[in-house]
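Each chain gets a letter, A, B and so on, in the order the sequences are listed, and its residues count up from 1.
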Amino acid sequence: YLLLRKTGVTVETVKQVASKNFTLSEQKKKRKILFKVLSAEVLPELMHFNSNEGCDSFFHCCLKSLQDELNRSILDSLLDFTRKCSSTRQHGDWASQMRASEIPTAALVLGVNVPDHDMTFQSLSELLQQLVTPHVASLQAKECGALKHLMKRVLERLMGTTVTVDDDEEEEPEQTSTETHKSISPVKDELQQPPVVVIFKDLEAFNHRVLQDFILICSRYIERLPLMFIFGIATSPSTIQNMLPHSVSSLLCIELFQSLSCTQHLATVIDKLVLTSHFPFKLNGKVMQVLISIFLYHDFSVRNFIKGVQLALLEHFHSQPLSVLCCKKKEALANVMELSQRDLERIRQLPSFRRYTEKQDAQEKVNLMTDDTHLKEVCRKLIKDLRKYHKNYYPVLRCLHTLTSSLPRYPLGKQIRELHLICLEKTVWETEEYQSAMKLLRYNVCPCHGLVASAENAPPVDNSITSPVKSLSQKKTDLFQLQKTLLEMNETRRTKKLSPFETVRNEALELIDGLVKSHLSPPEAQTLYEVCYYTSSATVRRHLNATPRTSIQAALSNPYHYLQNESLKTEDGSVSNAAPDICIAYKLHLECGRLINLYDWLEAYATVASAAEGNDPDSDTFGKVDEVKHARFIQAVSELEFLGFIKSTKQKTDHVARLTWGGC
Amino acid sequence: MIARLQQTGYEEDRLQRVAKLLPCRELQAGTLLSIMGQPQQYSYPSVFIYGHRASGKSHVMHILLKELELPHATVSCVECVSVALLFEQVLLSFFGCDAASLLPRSPSLSDFVRIYRQQCLEMPAKQTRYVVMEKAELLRDMDANLLPAILRLQELVEDNVTVIFLSEIVWDKFRPNTGCFEPLLLHFPDYSKGELQQILSQDKHPSYSAEFYSSYINILLGVFYSVCRDLRELRHLAALNFSKFCEPLAEGKVKESDTHKLWRNIEPHLKKAMQTVYLREVSSLQWEQMQQVEEKETGPLRGLSAHTHVELPYYSKFLLIAAYLASYNPARTDKRFFLKHHGKIKKTNFLKKNEKTSNHLLGPKPFPLDRLLAIFYSVVDSRVAPTASIFSQISSLVTLQLLTQVSHDDQLDAPKYKCAVSMDFICAISRTVNFDIVKYLYDFL
């Protein structure tokens, strides 16, 4: 019983911690299995599952290509480096003979977002194995506590076998290195030996001593063995100098490689995944805000951001039945026709749809509420409208961003994601920031060039958008000549009249303003937006940003929250008598000061416990401390001590000290 | 002039060859030879040779043993992660694989001695056998009985064997407090400037004359001798910069004899090399590439330590700032800095006698987790929920070595940390979050 209770208390935290620990994929698997079970039963569920699959697979291939693209440049330069190292080694000229032979080393600076590095190293070692050398060993600090463990891992990974060493017996490094050497040489000609690459994934975490010794050993064999290192560095390259003394670092020939910063990385991910109309699933402003703030404030990890989006995706398909319509246009339109009676009823209940119905005339209202086929037709139309809205939204957003991103003090944000957030949450043209940006634009013309470029780069959208912009661009090229002459004229005759340049500029701004007003309305205003937008920011926050202490306090002060037992249900924050002992003890201890008298506490506990047993308040035994109650109390107290609420003190005998503040 | 090495029992021409291969180390080689005596004679049980890096210890031993064809085993103690490896290598080089395979798993010293004696009966030593231990200072970290035992190996195995220790550390630092057999001590002094010149001039470039190369070495030593006496390093630097030195010659601007002009050409270049390549700020490969391209095109090369900027998440920055404050401010003064109504307390009020020295000179002090979090919550401007990711950020700061954990890993209750970043670093970090850290530091009050 006790065990059960404990797990009840901690289950939420465990879940949160689990999601924290990136085991999300497992949760996802479970969900998928769940989906499969459901899909076997009902057809709509099957559709549901399929659309989810579609989204998911789209998501995954997007991510894959994105990752490859992002790492392309850095991986290419690293591959070049390894190739160059293996070729320069063979020079037989005087200088290279005299030079102390150094181990070529690539210092790869990856930034502090450690969870993201795995992917980079994975693709790096795969590429190396495919293109340069079969001998690649990647090491993590936690598996290399001592030199012999490190040696064992390196040899295991290079030779592809498990080196049969236990803790007391170690194979001889020299012997094995020469063995490896022998195993390499028959493969290739002596002249083009593939290098043996050792990757240290997290250099900072390695034991300095172990690393130094390993480098010393390697340098003894560098003449015979084409070794090279890759150091994965999270902070700054000067850590190498902090870790290795000059006598060791002089054995290395270090070249620096800097990868893309994580904010740029995130910008690309957002650009490709979020700011696109190809991907039907959307996040609303709040969820987006939660994900971005976790990224910026907590971990800088793009991987966790993506996991967050995936979680939202799963939650959306899991919790919103109408998400069957959240898929490609054709499928969505087909799915509308197959909606069941229940789903149609759900559509009628949607707040956005009710708003829509309110606006229609009486006859139409009745039709919408009663006629299913009519409703399906309307839904098809609405879904098309929603798609159109998305198709126009993103190009206009980009236009507005290029216009405003170079304004002084960035009234609408420096990054496009900031502008996107503003647009998602508010009606952008009513905000003060927008007004001030427009005001600034009226005095400033430079960004217009950017706009023209972005408009031309933007995918062919509505002709109504691009064509005026294009005609504008043509006007503007002529205008520049005009501007110069105009300025000169202005200097001679200071007329108050608007110059033609200003007129055109105002026209252009009005056009932009019009575009913004017609296309950048917040998604909440769209009918049926619930289908595509995931809105529950609290769920995402709870899963991704766990608060263990709050969970423990919630469990102790409101046991019903986790145990879901009707008898525990209480009003106004009090704890029922039937609550677990620890909850009662916790509740009682909240009433005390900094020091708690154990005996008083026990008395109070015994009273509550007797009431829970249903003893008669007037009887003699009521509130008496018997052995069982005593034991239960001591157990509850030690559990509280374990959770860190109290500790024993020497200030007063028979007292314990509270470690938390506040109470009733 | 090459001094003559003399020792009866060895062929004269071999000794000559050895002497030629060991320039400027004739004296030490002679002493060693006389200690070793004639091949069949018993030699002193253990010899301890010490001297700085690249003072020719291993080189002399290697050449002597190899050229005179004496039976020997060379063991580098870095490689011996366990004693088993050490024993195995010795047995392998003296008696072949069969003997080495007789060693049981995780052998003890007595196993080694037993097998050695067994093998010795079959193959008694006709000549003195030598065991050379490189980087012997690492023997101190192994089992306590190992070093004393190896020092009297001759006695233990009753064979004509001599152990030679090579180390950069003096013998006094080796001597165990229980006492042990004292080895013969032999010091290898650093090479003098003249000796360095002589040795370095030997590896001349094949297409240039010896005098020309020697004058180059002279210039090189003029620049580097004050900072580096490591022969290996100097040879490396000489090779790297020689092509630059020859440049005006190849262009036909100067003659080989015109040393002054050559000096003017190379000196600034060498000075730059001292600040970059020598410190390994710039790798040798990059340095060579840079020489090939004109300097104007490449612009100044940024060394490793030039990249000190670290991007951190917002709360990590504040955690680091809080850690810095906790490390460098006395705990008593927290009230003064972080309480809203602390009243007017002047610095003199809390100044204690021993605290007059700057905390920054004393280095960071350890602080408990509670204090870190308390300061964190008061410096961060918004309300922060105590989420799991705040705590995980602390541990990731530890893995990034920006904080160090002082208490043991196993101590879950109230762990203690120290801040391991410099003042400049923390100032740069706090500037990015608009936090004026100097205002909160007790030393700058």
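In this structure, the portion of A/Leu252 lying under 4.5 Å from any heavy atom of chain B is its backbone and not its side chain. If you measure heavy-atom distances from B/Leu138 to chain A, the contacts under 4.5 Å come from the side chain alone. Only the side chain of B/Gln393 comes within contact range of chain A, with at least one heavy atom under 4.5 Å from a heavy atom of that chain. For chain B, the nearby part of A/Thr263 is the side chain; its heavy atoms alone come within less than 4.5 Å. For a residue to count as touching a neighbouring chain, one of its non-hydrogen atoms must lie under 4.5 Å from one of that chain's; by this rule A/Gln258 touches chain B with the side chain only. Contacts of B/Lys317 with chain A are absent, with no heavy-atom separation under 4.5 Å from either backbone or side chain. In this structure, chain B has a heavy atom under 4.5 Å from the side chain of A/Leu216, while its backbone stays farther away. Residue A/His246 touches chain B through its side chain alone, counting heavy-atom pairs closer than 4.5 Å. Neither the backbone nor the side chain of B/Glu168 comes within less than 4.5 Å of any heavy atom in chain A.
Atom CD of B/Glu88 and atom SG of B/Cys97 lie 10.0 Å apart (nearest 0.5 Å).
Checked against the 6.0 Å centroid threshold, B/Tyr213 and B/Tyr208 do not count as a close aromatic pair. Taking the centre of each ring, A/Phe257 and A/Phe81 come in below the 6.0 Å mark. Here B/Phe318 and B/Tyr315 keep their ring centres 6.0 angstrom or further from each other.
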Worksheet entry | Residues B/Leu86, B/Met133; criterion side-chain contact (heavy atoms from CB on, under 4.5 Å); working and verdict | CA-CA 9 Å; B/Leu86 195 151; B/Met133 301 259 181; 3.8 Å; yes
Worksheet entry | ring-ring contact (aromatic ring centres under 6.0 Å, His included) evaluation trace for B/Phe212 with B/Phe245 | CA-CA 10 Å; B/Phe212 178 69; B/Phe245 184 68; 5.2 Å; yes
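Considering A/Val112, A/Ile294, A/Leu296 in turn, A/Val112 is the only one that fulfils the side-chain contact (heavy atoms from CB on, under 4.5 Å) rule with B/Pro313.
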